[in-house]
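Naming: A, B, ... by sequence-line order, numbering from 1 per chain. Atom set for the values below is all heavy atoms of this structure, side chains included, hydrogens, waters and symmetry mates excluded.
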Amino acid sequence: MADPNGYPTSNTDGFDDDFPGDWPSAPVEPYSAPAGGIAARAMAARRGPDYFEGLNPEQRHAVETLEGPVLVLAGAGTGKTRVLTTRIAHILATGAAQPSQILSVTFTNKAAREMKQRIAGFIGGNVEGMAWLGTFHSICVKILRRHAELVGLKSGFSILDTDDQLRLIKQILQAEGIDEKRWTPKAFASLMDGWKNRALTPAQVSAGEAGAFAGGRGREIYEIYQDRLSILNAADFGDLLLHVITLFKNNPDVLAEYQRRFRYMLVDEYQDTNVAQYLWLRLLAQSNPNVCCVGDDDQSIYGWRGAEVDNILRFEHDFPGATVIRLERNYRSTSHILATASHLITHNEGRLGKTLFTDFEDPEDQKVAIASGWDSQEEARSIGEEIEALQANGHALNDIAILVRASFQMREFEDRFVTMGMNYRVIGGPRFYERMEIRDALAYLRCVLQPSDDLAFERIVNTPKRGLGDATLKLVHELARLERIPLMQAAFQLCQTEELRPKARNALKDLLAQFEGWRGQLETKSHLELTEIILDESGYTEMWRNDRSAEAPGRLDNLKELIRSMEEFESLAGFLEHISLVMDRDSAETMDAVSIMTLHSAKGLEFDTVFLPGWEEGLFPHQRSLDETGRAGLEEERRLAYVGITRARKKATIWFTSNRRIHGQWQSSIPSRFLDELPAEHVEIVEQSSSYGGYGGGGYGRSGMAASRFDRQDTFQNSYSTPGWQRAQKARSSQSESFERGRFGDSARKDGPRTIDGELVAKSVSETPSDYSVGERVFHMKFGYGSIISIEGNKLTIDFEKASVKKVLDNFVERH
DNA sequence: GGGGTTAAGATTTTT
DNA sequence: TCTTAACCCC
């Protein structure tokens, strides 16, 4: 069957009717011309299909080399996604495979979504057949649901999030009598994560490593944990991969089916794969080498969560006969930016080596700027002013980003921007589905759907408060463990006895009856209605309505948003499956605002203008990274710097300050060693015009933090004699000017809503005196309720009930 | 069960 | 310095 666009189609679940049983045992291989053969040369002489339009020769090579292993080393901004999607289009158009025969893996849902959209552009909307385009995890779930029994699960298994995981570990540690202070659940979780990232089952954990926890009981705890999961019929994120690997290893017939199915495999962001993902891929690629991995070793920044740069470095070794294609032609940044980033990254050892270049050079292009200030406040203020100036020149705020190393740096900017009335948005941060109220609501839904979901039940059994305290729960737990039954069932049995005090018994009975009632409505009510009913009848919404804290209104909004987001799903089960895997939410932000985010979350994005504050030793490179992983850590930090610089299309400005407050303590800081690794000819030191105080000089470098611990001390100390550094110092010490120049009232900025977390809305700053009066009770989105102590113009000093005394602009509060 | 006090910990984050 | 979670007492 073919669709109107001539592309082969297949059904949408990825499991064709003929799969696995009726899979043709000897499929007719589509002919593919050998590279360099007569047909190939004849074809190359001809104009390619439309989708080749605009590809450069390397990109085209990457698209056309369909057979055998291919590694595409795609530098930043070299059209990586384009190559991937065009390659898929090419596979489909040449008839080399059906959509359902292409395995294409990404790391994030966002990447998967974008890829689907772009492919839809090529093949006319019909991407439903691309059933195997998704994240590692979502693909694994799909496989596992089919073969759950083979790894000791039932098909309806639930997927635990990190919160559930921690609570479970905690219970186990308690039950095993392990001191939670000495051996924290968190520590165990990350240890176990490490094992799962390397595809180690409990039996495979080496004695040495197992010994690193609770006096040698690491493996034992891991085993108990896995046991518990299988009793709960649940899997954590790491398990999703691990179970599939186990499945493949123990069931060659199952593996063979998938090997036959996937004619072409594509992996995006290959530098981010961990050992488990690598093994997973190797298993699938055993009999079929048509693997195309795309990645950039220079952008590997997730080593700390198990990514192995080695995977990409060893590709040619692991996949013999691999074609390696380098994409170095950059379409994003100016030559100064590229040269700066390229030069910096050459300081790393153990890279495959690429040098970005651009064909477009404009004498007007600005060099990468290096600016410095006295402290982080000045940094925020100056950057704010520069952004204001850009805005005045018609620069869209949406094309400006501030990329920080650590999220605590964001606060300074938020504070400053709130004061200035500058639109900004924080990207990243706590995700929607991780919020307490959302998790609670989901726990209710999970309980309705899966009465055996103990973790969900525990979560909400006494939320809102029903008088079911520790004592009651302890009895339920004991019975459940004794009888090896789920908590809800134990609770039910307990209600039949006299063991509980009448009050608790009735409360528990009522709750169980409610769940029964909700379950009864599964068939008759839509999942939207039912969710509303549940949240209502359980008293959950009421709980927040009665809550007087600052966050309560937002939480109620989030609950509404949750219900709204369920609309796109057919059923409760479908919705729950989706959100356990897709923890992100793409907010439709339309407003013009500066983006503030961490360097990590900036990967894959680009902006005209990028500010990179906080380039100081200890912060960037981060001390902890150096302490924990030494040289490898330093190199990863350097790659992070590389990622940061290459986000900029036209202008990058790097900042460092002499003083920074860390954990409330002011500390003097010294410029990042990375600054001295930048190429002088592409960088300019900015003379500060608005700095104040002046920096007194005087050897803060040597007495600075941790200088003696650096493994490259010689290079490092030399940094004080480099011309760049001296000029930067000179520029800094010469100034003193008041910085409190009228920030208010001089703004020709257009009015618009301001957001914090994409939600808080404020209006413009003005000198109009506030019409609030002293003593009035007001509400502030971030600080909650408070009363006004004093007023200056539109600045209110408020004594907050839940926060301290703060000064805020009157636009940010409302009467109460 | 709630409210108040104290202690610990404070990179990066997706699934 | 500030936030969060645990803890203790009523």
TODO: Tell me which of Phe107(A) and Trp304(A) sits closer to the 5' end of DNA chain B, going by the nucleotide each one is nearest to.
DONE: Trp304(A)
Task: Is_stacked (His622(A), dT11(B)) at 5.5 Å, 30 deg - done: yes
- [ ] Please work out if Gln409(A) contacts a base, only the sugar-phosphate, or nothing of the nucleic acid, heavy-atom cut-off 4.0 Å.
- [x] nothing
Open item on the list: In whole Å, I'd like the distance from the CD atom of Glu628(A) to the P atom of dT11(B).
Closed with: 10 Å
TODO: Taking only the side-chain nitrogens and oxygens of Lys181(A), find out if one of them lies under 4.0 Å from OP1 or OP2 of dC7(C).
DONE: yes
Open item on the list: Rounded to whole Å, please give me the gap between CG in Leu166(A) and P in dA6(C).
Closed with: 11 Å
Open item on the list: Say we look at dT11(B) and dT4(C): how far apart would their P atoms be, to the nearest angstrom?
Closed with: 14 Å
TODO: Could you check whether Asn462(A) gets within reach of a base, just the sugar-phosphate, or nothing at all, counting any heavy atom under 4.0 Å?
DONE: sugar-phosphate
Open item on the list: Rounding to an integer number of Å, can you tell me how far Arg182(A) CZ sits from dA8(B) C1'?
Closed with: 16 Å
Open item on the list: How many whole angstroms separate atom CG of Leu473(A) from atom P of dG1(B)?
Closed with: 9 Å
- [ ] Have a look at Lys170(A) and say if it touches a base, only the backbone sugar-phosphate, or nothing, with a 4.0 Å heavy-atom cut-off.
- [x] sugar-phosphate
TODO: Flag this pair as yes if the NZ/CZ of Arg305(A) is under 6.0 angstrom from the six-membered ring centre of Tyr302(A) and inside a 45 degree cone about the axis; otherwise no.
DONE: yes
- [ ] Taking side-chain hydrogen bond (donor to acceptor under 3.5 Å, both in side chains) as the test, write out the residues that go with Asp164(A), two or more places apart.
- [x] Arg167(A), Arg446(A)
Task: Modelled atom types, side-chain donor and acceptor of Asn233(A) and Gln450(A), under 3.5 Å - done: no
TODO: Provide, to the nearest angstrom, the distance between the NZ atom belonging to Lys465(A) and the C1' atom belonging to dG2(B).
DONE: 9 Å
TODO: Mind checking Lys603(A) for me? I need base, sugar-phosphate or nothing, with any heavy atom below 4.0 Å counting as a touch.
DONE: nothing
Open item on the list: If the cut-off is 4.0 Å, is Ser138(A) near the phosphate of dT15(B), judged by side-chain N/O to OP1 or OP2?
Closed with: no
Open item on the list: I'd like to know if Arg305(A) reaches the base of dT12(B) with its side chain such that a donor and an acceptor end up less than 3.5 angstrom apart.
Closed with: no
TODO: In whole angstrom, give the distance that lies between atom NE2 of His663(A) and atom P of dA8(B).
DONE: 15 Å
Open item on the list: Could you tell me if Tyr270(A) and Asp297(A) have a donor-acceptor pair between their side chains, going purely by distance under 3.5 Å?
Closed with: no
Open item on the list: Under 4.0 Å, counting only non-hydrogen atoms across every strand here, what does Leu468(A) touch: a base, just sugar-phosphate, or nothing?
Closed with: sugar-phosphate
- [ ] Apply side-chain contact (heavy atoms from CB on, under 4.5 Å) to Thr135(A) and list each qualifying residue two or more places apart in sequence or on a separate chain.
- [x] Thr106(A), Asn109(A), His137(A), Ser138(A)
TODO: Describe the nucleic acid contact of Gly467(A) in one word from base, sugar-phosphate, nothing, applying a heavy-atom distance below 4.0 Å.
DONE: sugar-phosphate
Open item on the list: With a 4.0 Å cut-off on N to O distance, would you call Asp440(A) and Arg459(A) a salt bridge?
Closed with: yes
- [ ] Could you check whether Tyr302(A) and the base of dT12(B) form a stacked pair, meaning centres closer than 5.5 Å and planes differing by less than 30°?
- [x] no
- [ ] Report the distance from atom CD1 of Ile301(A) to atom C1' of dT11(B), rounded to the nearest whole Å.
- [x] 12 Å
Task: Atom pair distance, as rounded to whole Å: CZ in Arg661(A) and C1' in dT3(C) - done: 14 Å
